[in-house]
Amino acid sequence: MVSLYGTEIASRLLLGTARYPSPAILEEAVRRSGTGIVTVSLRREMAGVKKDGDRNRGGAFFEMIRALGVRVLPNTAGCHSVQEAVLTAKMAREVFSTDWIKLEVIGHHDSLQPDVFALVEAARILVSEGFKVFPYTTEDLVVGEKLLAAGCKVLMPWCAPIGSAMGPVNPAALRAYRAAFPEVPLIVDAGIGRPSHATAVMELGYDAVLLNTAVSGAGDPAAMAEAFGQAIAAGRMAYLADPLSPRDMAVPSTPVIGKAVFDLPPDLPASTGRAVA
Ligand SMILES: CC(=O)[C@@H](O)[C@H](O)COP(=O)(O)O
């Protein structure tokens, strides 16, 4: 269970809904992942409506998402300014009847790195209008503090650029971020490529993982979704089980007391009591 804005969610995997080979495969992936939250890009779906002229396209997709029976976290993917993000969030609130919003304000064309200045500003506006904001951010500690001061109760640092599948490129920064915000639910968002990446960030103590491309772009998205569900649960269990820290020196894993002796020196009295193998 993870608690996000006072709502208890059973799965620690948040799944994106973009770029699946078909709606049926998306549905199957959601089901097999065990996720309790899917994120949906309002802007992307509405843009699709404009492009192909099919005015039902966006509506049909949103209906299908609603029918999945999981919580919807609309997102502002593709927004590049405060105004655009705020407007998209308001439209999403109407379409999905939710005050939850995953806030993305993209600042850099190639890396899709968030514009953290605009992000903080948009978060401040949306919180003041009653939204529960999930900000997609970098692992910058100061930006994290400013987002909390703006009223965010959850932080979502990236582990690598969106869609890159690189996995955690800066584990030390993610560790420092976790340590800096011990009481805040932290969700790693973007850049995860494999289930082992998700396990690794969960072992650092992150509360959940949000991912899309690693599942939708896999050869078998539904099977990959299930693998991610299990990997995230395993990482959480390992974190709670208090894993060892790495050491520089070898430490025998077999106890030496009472071990068998293979070649006793000839002058050793039998009274030493050492076993002879
Ligand atoms: C779907 C969504 O919200 C993405 O913008 C998100 O950041 C996931 O990134 P990946 O596709 O790299 O998992």
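Atoms within each ligand, like the ligands themselves, are counted from 1 in listed order. FYI, side chains are in, hydrogens and waters are out, and symmetry mates aren't considered; it's all heavy atoms of this structure.
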Show the numbers, then the answer: is there a side chain to side chain contact (heavy atoms under 4.5 Å, CB included) between W158 and T138? CA-CA 5 Å; W158 68 354; T138 59; 3.8 Å; yes
Near ligand 1 (heavy atom, under 4.0 angstrom), the protein residues are T39, N75, K102, E104, I162, G163, D189, A190, G191, L210, L211, N212, T213
Are Y5 and F134 close enough that their ring centers fall under 6.0 Å? yes
Is there a path of hydrophobic side-chain contacts, each under 4.5 Å between heavy atoms of I/L/V/M/F/W/Y residues, joining Y136 to I192? no
I'd like to know if the side chain of H108 reaches the main chain of I106, judged simply by a donor and an acceptor atom lying under 3.5 Å from each other, with no hydrogens or angles considered. no
Consider side-chain contact (heavy atoms from CB on, under 4.5 Å). Of V105, V116, L103, which one does T137 pass it with? V116
Worked verdict on W100 versus V72 for side chain to side chain contact (heavy atoms under 4.5 Å, CB included): CA-CA 8 Å; W100 283 20; V72 178; over 6 Å; no
